[in-house]
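Have a look at the structure below before the remarks.
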Amino acid sequence: MKTANDVYQEKGWREWQTYHAVTPKTVLFLFFAFVLLAWSGHNTEMDKAAVETSKAVLSAVGIGDSDVLNGVTKFGSQAFPLKFESRTELTRLEDVDLQDLPLFSYIEEGVSSEYDVDTDTWTEEKTEYLVEPIGYLKKVLWMMWETIEMGFWGTVISIMISLPLGILAARNYSPHPIVYHISRGWLSFHRAMPELIVALFLVLIYGFGPIAGVLALAIHTSGVLGKFFADEIENAPKGPQKALSSAGANSLKVLRYTVFPHVLPAWIAYVQYIFERNIRTATVLGIVGAGGIGMELKGRWDLFDYDHVATILLIIFIAVLVLEFFSQKLRNKTL
Amino acid sequence: MLIFDKVSRVYPDGTQAVKDVSIHLKKGEFCVLLGPSGAGKSTLMNMVNGLVEPTTGKIILDGEELNKKNLQTIQRSVSMIHQQLYLIPRLSVLHNVLTGVLPQAGFWRSMIKSFPVKDQMRAFKLLNEVGLEEKHLTRRASELSGGQQQRVAIARAFMTKPKVVLADEPVASLDPAMSRSVLNSLKTAAQTHGATVLCTLHQMDYALEFADRIIALRAGQVFFDGSPSEMGKEVQIRLYEIERKSLEKQGPIIESDAVSPPLQVSKVKPKDAVS
Ligand SMILES: Nc1ncnc2c1ncn2[C@@H]1O[C@H](COP(=O)(O)OP(=O)(O)OP(=O)(O)O)[C@@H](O)[C@H]1O
Ligand SMILES: [Mg+2]
């Protein structure tokens, strides 16, 4: 009796199976993929997004009307010109020396109106304002700096958590399999908690301000960094480690002298990336009250002060670009 | 002072790498292990610092039998120059040599890479002995030539004032001139510091030139044990023979490749190929 293998071998090369790029299977697969994508796209209103965006584009060249474009122009008209100056009622300021105002600032007379709920009337009053031309810009820049500091401390604390945990979570340096599994689990737990949600809880615990933001950043990113550290340690070349340990050096010394030098460049690059990322994330953490420039953004947004919002967005944008530029320079140097 | 007492080693997969080997090495001896690939040289050597455990038999160093309890103490008096060297590529030459005293170094000091002046001076002396210069100190190990790396590994091995130095094919990847010079460094260092050396080599002429004593292994067993002068022509010829046979055993894999018939394209006529 002939086996399948015999048949296979008796075939001349002319009868060998040719390769087809497109088979019924491929068509079926593509069809199902399309159905699935269509369904999911509808769920996330991707169809509507496409329609609205095309309408906006058409409207921009003068065809038809578009809510989206109207929204853009409405925001744009309120956002520009950007607000750089700050105005403060003189009566609210204590110890202002009118003879010696801060540089470039001046006094402006204006009208302030006050609403009385009981009588439902507006009373108008003449008041004097202290105007500082770049007062608001300075405030935003200072808050941006605070945000960068949040990112910095978030990264520092993240390293302090992830370094010991990372070593304990490296299979070949963990003192015991139980410790290994606990550390790995712990790191996954940290990774699985998004910053915004952690920040929400921490604001409840620590109150409004940067503490909640910094800790939220540290908790989430330590999970990411720790896993990376652990994997790098596990994958370091074994030879030098064997050489030192078979000479009688204990494992921490082996780690310090063979593994650390090997993984250092990769670690530095990763920490740098986490730092950059933490600064970007820190800008939005303020939305839940966890400190940084986001708090001001949220406040102004709620008051419909779109000119102030635009200033904040501009500063965030510039800051992120500048940071990435320097970060890239540093990376080219260290690697 | 280093005694292999009827040691055998069977690997988990059943390979008998070393079989009933008894060797008694004297202090300060420069002993060369010869033998074809797979004879069990590395296995035998790795038993001394605990990288491989003997299945049966004992290793005795200065009257002390090697066991789990005193393993670390014994490891500290045994240095090894591995075939692949295992230097730390991104560490400076100086620190690579200093890792030789790492087992004894103070913990916190060693964590910040700080070493006593005494140790550094010893490293300088050893590096000078093997022919490296001050300008090499701060270079990374990866930036050295193969021969220079070999010398760094030798210097590292002598940092601890070892009783025994194990060298696994220390000249495997070097040209003849460099090989001689490295073996010379090794032998001089061993004499200066009174260390016993166990060194595997593949080249009989180097063995005859440098060894105080030659031990030839074959299939895990001692086949010859004596001084180079005792090693007559017959033994040498036998050894060459064994070495050649072990090569022939591996041969067919390479041969079958070479012998396999070339594609017979010419038999296919053009018009057949088109249809
Ligand atoms: N970890 C291991 N597991 C299983 N078998 C092994 C192991 N290490 C070595 N062997 C086998 O033991 C035998 C002896 O190996 P060993 O490395 O000691 O040879 P060698 O004499 O050093 O050879 P070479 O000159 O090629 O280095 C070989 O057959 C090898 O395949
Ligand atoms: Mg070997």
Side-chain angles (χ1 to χ4, degrees), chain A residues 9-19 159-160 163-164 166-168 170 172-173 175-176 229 232-272 331-335, chain B residues 45-52 70-92 95-113 115 140-142 153 156-157 159-160 162 164-166 168 263 268 272-275:
Chain A
Q9 286 186 346
E10 276 170 19
K11 270 195 201 168
W13 62 270
R14 254 167 267 273
E15 284 113 61
W16 291 0
Q17 194 68 52
T18 49
Y19 171 76
I159 294 172
M160 291 187 334
L163 205 58
I167 293 172
L168 295 179
N172 44 351
Y173 281 93
H176 194 274
F229 284 178
E232 283 289 302
I233 292 173
E234 282 177 2
N235 293 334
K238 296 286 173 298
Q241 301 177 43
K242 197 170 79 178
L244 290 195
S245 64
S246 74
N250 69 30
S251 58
L252 274 175
K253 287 177 179 171
V254 175
L255 198 66
R256 171 70 186 85
Y257 279 85
T258 62
V259 180
F260 280 11
H262 174 77
V263 301
L264 199 64
W267 276 11
I268 290 176
Y270 220 76
V271 165
Q272 235 176 35
R331 191 165 314 168
N332 294 344
K333 246 188 200 163
T334 53
L335 294 186
Chain B
M45 196 171 261
N46 285 338
M47 285 177 186
V48 183
N49 63 359
L51 281 175
V52 171
N70 62 15
L71 178 63
Q72 233 185 22
T73 340
I74 289 197
Q75 278 178 337
R76 289 180 185 194
S77 56
V78 176
S79 292
M80 180 148 192
I81 301 161
H82 298 261
Q83 184 173 347
Q84 301 87 343
L85 301 185
Y86 294 151
L87 296 177
I88 302 140
R90 291 178 50 88
L91 222 53
S92 71
H95 275 99
N96 260 294
V97 176
L98 286 171
T99 56
V101 289
L102 200 56
Q104 290 90 338
F107 179 76
W108 292 111
R109 256 194 109 157
S110 72
M111 284 298 118
I112 58 163
K113 294 211 306 200
F115 286 87
R140 283 183 177 168
S142 56
R156 172 167 81 174
M159 273 306 281
T160 44
V164 177
V165 173
L166 308 167
D168 199 354
L263 278 175
V268 182
D272 285 353
V274 174
S275 60

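All values reported here derive from a predicted model rather than from experimental measurement. Letters A, B, ... mirror the listed sequences (proteins, then strands); counts begin at 1.
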Select one option (side chain, backbone, both, neither) describing which atoms of B:Leu87 are under 4.5 Å from chain A's heavy atoms.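 The answer is the backbone of B:Leu87.
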Identify which part of B:Ser110 has an atom lying under 4.5 Å from any heavy atom of chain A, answering side chain, backbone, both or neither.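 Its backbone and side chain both get close to chain A.
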Ignoring hydrogens and geometry, is there a side-chain-to-backbone donor-acceptor pair from A:Lys253 to B:Met111 under 3.5 Å?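 Here the side-chain-to-backbone pair does not exist.
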Measuring from A:Leu244:CG to B:Arg156:CZ, what's the distance to the nearest 0.5 Å?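 If we round to the nearest 0.5 Å, A:Leu244:CG and B:Arg156:CZ are 5.5 Å apart.
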From A:Ser246 OG over to B:Leu71 CG, what is the distance, rounded to the nearest 0.5 angstrom?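 Separation between the atoms: 9.5 Å.
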Qualifying residue for side-chain contact (heavy atoms from CB on, under 4.5 Å) with A:Thr258, from B:Leu91, B:Thr99, B:Ile88: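 Of B:Leu91, B:Thr99, B:Ile88, side-chain contact (heavy atoms from CB on, under 4.5 Å) with A:Thr258 is met by B:Ile88 alone.
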Contact winner vs chain A - B:Thr160, B:Thr73, B:Leu102, B:Asn49, heavy-atom pairs under 4.5 Å: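 Of the candidates given, the most pairs with chain A belong to B:Leu102.
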Show the nearest heavy-atom pair for residues A:Ala247 and B:Pro103, with the distance to one decimal.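 Scanning both residues, the minimum pair turns out to be O-CG, 3.4 Å.
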Answer with side chain, backbone, both or neither: which region of A:Leu255 has an atom nearer than 4.5 Å to a non-hydrogen atom of chain B?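 Answer is neither: A:Leu255 stays 4.5 Å or more from chain B.
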Any heavy-atom pair between the side chains of A:Pro265 and B:Arg90 that's under 4.5 Å?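 Of all side-chain heavy-atom pairs linking A:Pro265 with B:Arg90, at least one is under 4.5 Å.
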Within the structure provided, determine whether B:Tyr86 and A:Pro237 are in side-chain contact (heavy-atom separation under 4.5 Å).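 Not in contact.
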